[in-house]
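Report on the structure given below.
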Amino acid sequence: MRFSRLLVPTTKETPNDATLASHIFLIRGGFIQSVGGSGLYNFLPLGKKVLDRVRSVVKEELDNAGCQEVSLSFVTPASLWEESGRYEKYGKELLRFKDRKDNEFVLGPTHEEMMVNLVRQSVKSYKQLPLNLYQINLKFRDEIRPRFGLMRGREFLMKDGYSFHTDEADMKREFDLMEETYKKIFTRLGLEFRVVEADSGAIGGSGSKEFMVLADSGEDTIVVCDGCDYGANIEAAVRQEKQCDAPAPQLENEKVHTPDASTMEELALFFNVDPFYLVKTVAMRALYDEGKSQIVLFALRGSDELQEVKACNAVDANELVEVSEEELEAAGLVPGFMAPFDTPKEVRVIVDTTLKGATNMICGANEKGYHTTGNTIEGDFAYRDIVSVQEGDACAKCGGTLRYTKGIEAGHIFQLGTRYSEPLGCTFLDENGKAKPMVMGTYGIGVSRLLAAIIEQHHDEKGCIWTKESAPFDLYIMVSNIKDKAQLALGEEVYIALQSAGIDVLFDDRKDRFGAKMKDYELIGIPHAVIIGKKLSDGLVEFVTREGMVKEEVSAEEIVSFVQERLC
RNA sequence: CGGAGUGUAGCGCAGUCUGGUAGCGCACCUGGUUUGGGACCAGGGGGUCGAAGGUUCGAGUCCUUUCACUCCGACCA
């Protein structure tokens, strides 16, 4: 491709809304263009090329693993979402609309329902299973706050795959195969990543793993172990049960007047104990379908923090919101002095598992200004893991030290089970002619987000540094001064020779000066460049590696074979 | 949805306080010079100042309403 014919509107200035390197360089390098609406982008020729290359890596590896590509309608009937029960649950992120006949539709944010619908219509026998179908298509989610360019757009390109099995064991086999396949994909794209345990979120199902591209700018906090390969999203991370060296308060079971102490810090000071021996009671309102809600008290140790996603899952709610003191009082609770015991009937109580059987605990007395000491946590509570792992906690797997790091969620794989096949009636007949729901897995990769992730990991202060398999072109050739006949002639010759050798070349034949062209090269970030310039009079050209901007002088006569060797 | 801010040429911004010919830089077009780190000179094109209403002889500027976007938070496969 000749640069003079390519639409690459590079800019010197940074768009005022861009803060992340990937956002800045993708816009400045003329890869993408903001549509003006938030979270919507056009892909310009260069961006489209990168997208296609990334997409083909994904496709190749999936096809190798035995997956089959399909393409599902982007517009999906609302009735399918009602069947699965997600029409309500998915909330405002679903963009709903009606056609001229007043039928309701949804722009697909994910396609479990659609794929299950496809399969239930065409697969009836165990002989047709297993099956792994995927597509690489647009998705639309009406995000509350899109940001960071391609990182969190409203419209985005996603690879979504769905597998169908006769039993759990076969689904797990496929799940493991997909984990390996995803590792190959991210490795080929040149990404440093970590596979972590994750929360299953709105998709539902049991085990799930996320593929986190490590980057400080990542939106997710992940917990990793210094001692082993354990890694988990903060929303799903677990730890070894915490011990406390400080002595337990040896106090009778009695009511104590604590007028000014309602926070954990104040209480710890008042009783002179470690917060480990305090019961923290956090009140939240759990929201359910059809506007139903309930106040829930979460009881945990004073030394722990509530992990909201875990808490939300523990009560199977759509979401948790804060409750005002007035609401609490109206429900018969005493803010600041609540206990998980003797609560009003309509209030639900969840107790952290590490509190089960705990003795000598101090907690609220359900009376303003009073706490009780010497409590033992026992009885019929719903015990769940609802606490957040903190840095420095011990790894449940090896005892090593856990710490936080940031990641970009680039892929997520789920063991779904029958979460969708059952409500949607996606069944098969087994060897005995008995109908059973198919066991499913689902596997996603944020393809357009990967572009942003690659740049987050591979850039310098000057611009992008694309990896070998993601680069828009394999090589950039610059003719420093196109009025110099010798330079131009060599450029043309090398360009044609390398093109016909199967190398995808961007040939910069523009009239601009050296500096301007160099800036563009650095911004666009093609892995290698050949610069034909002044030294041609000595029979020399330069071979540049974008990473580190390493320049090597090469004889002009040998440049074609030199490049071929270096690029293979 | 809470808090803060911004809407003026394709992009980045000034002008708004104190009403009086709509400006600057980049980009773009023409001609010339220039060609190893975002060149220079000369000329040129491009705007319902987010929208609606109001005050005024006169509104980018003042008043009212409204819409959109951005940032922080909440939220989020």
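Throughout, a chain's letter reflects where its sequence line sits, starting with A, and its residues are numbered from 1.
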Checking all strands, does Glu219(A) fall into the base, sugar-phosphate, or nothing category for heavy-atom contacts under 4.0 angstrom?
nothing

So, for Tyr134(A) and Tyr162(A), is the gap between ring centers shorter than 6.0 Å?
no

Using a heavy-atom cut-off of 4.0 Å across all strands, would you classify Lys139(A) as base, sugar-phosphate, or nothing?
nothing

With a 4.0 Å cut-off on heavy atoms, is Glu522(A) in touch with a base, just the backbone sugar-phosphate, or nothing at all?
base

Could you give the distance separating U18(B) and C24(B) at their C1' atoms, to the nearest angstrom?
22 Å

Using a 4.0 Å heavy-atom cut-off, does Glu542(A) contact any base of the nucleic acid, only the sugar-phosphate backbone, or nothing at all?
base

For a quick check of understanding: with a heavy-atom distance under 4.0 Å over all strands, which category does Gly533(A) fall into, base, sugar-phosphate or nothing?
base

Give Arg449(A) one of three labels, base, sugar-phosphate or nothing, depending on what nucleic acid heavy atoms sit under 4.0 Å from its own.
nothing

Base, sugar-phosphate, or nothing for Lys517(A), non-hydrogen atoms under 4.0 angstrom?
nothing

For G47(B), which nucleotide is its Watson-Crick or G-U wobble mate, given both distances must be under 3.5 Å?
none

Hey, do the aromatic rings of His528(A) and Tyr476(A) have their centres closer than 6.0 Å?
no

Name the pairing partner of G7(B), where a pair is Watson-Crick or G-U wobble with both distances under 3.5 Å, or state none.
C67(B)

OP1, OP2 of G37(B) versus side-chain N and O of Lys519(A): anything below 4.0 Å?
no

What contact category does Pro9(A) fall into here, base, sugar-phosphate, or nothing, at under 4.0 angstrom with non-hydrogen atoms?
nothing

Short side-chain donor-acceptor distance under 3.5 Å, Lys406(A) and Thr221(A):
yes

Verify the ring-centre separation between Phe43(A) and Phe31(A): is it less than 6.0 angstrom?
no

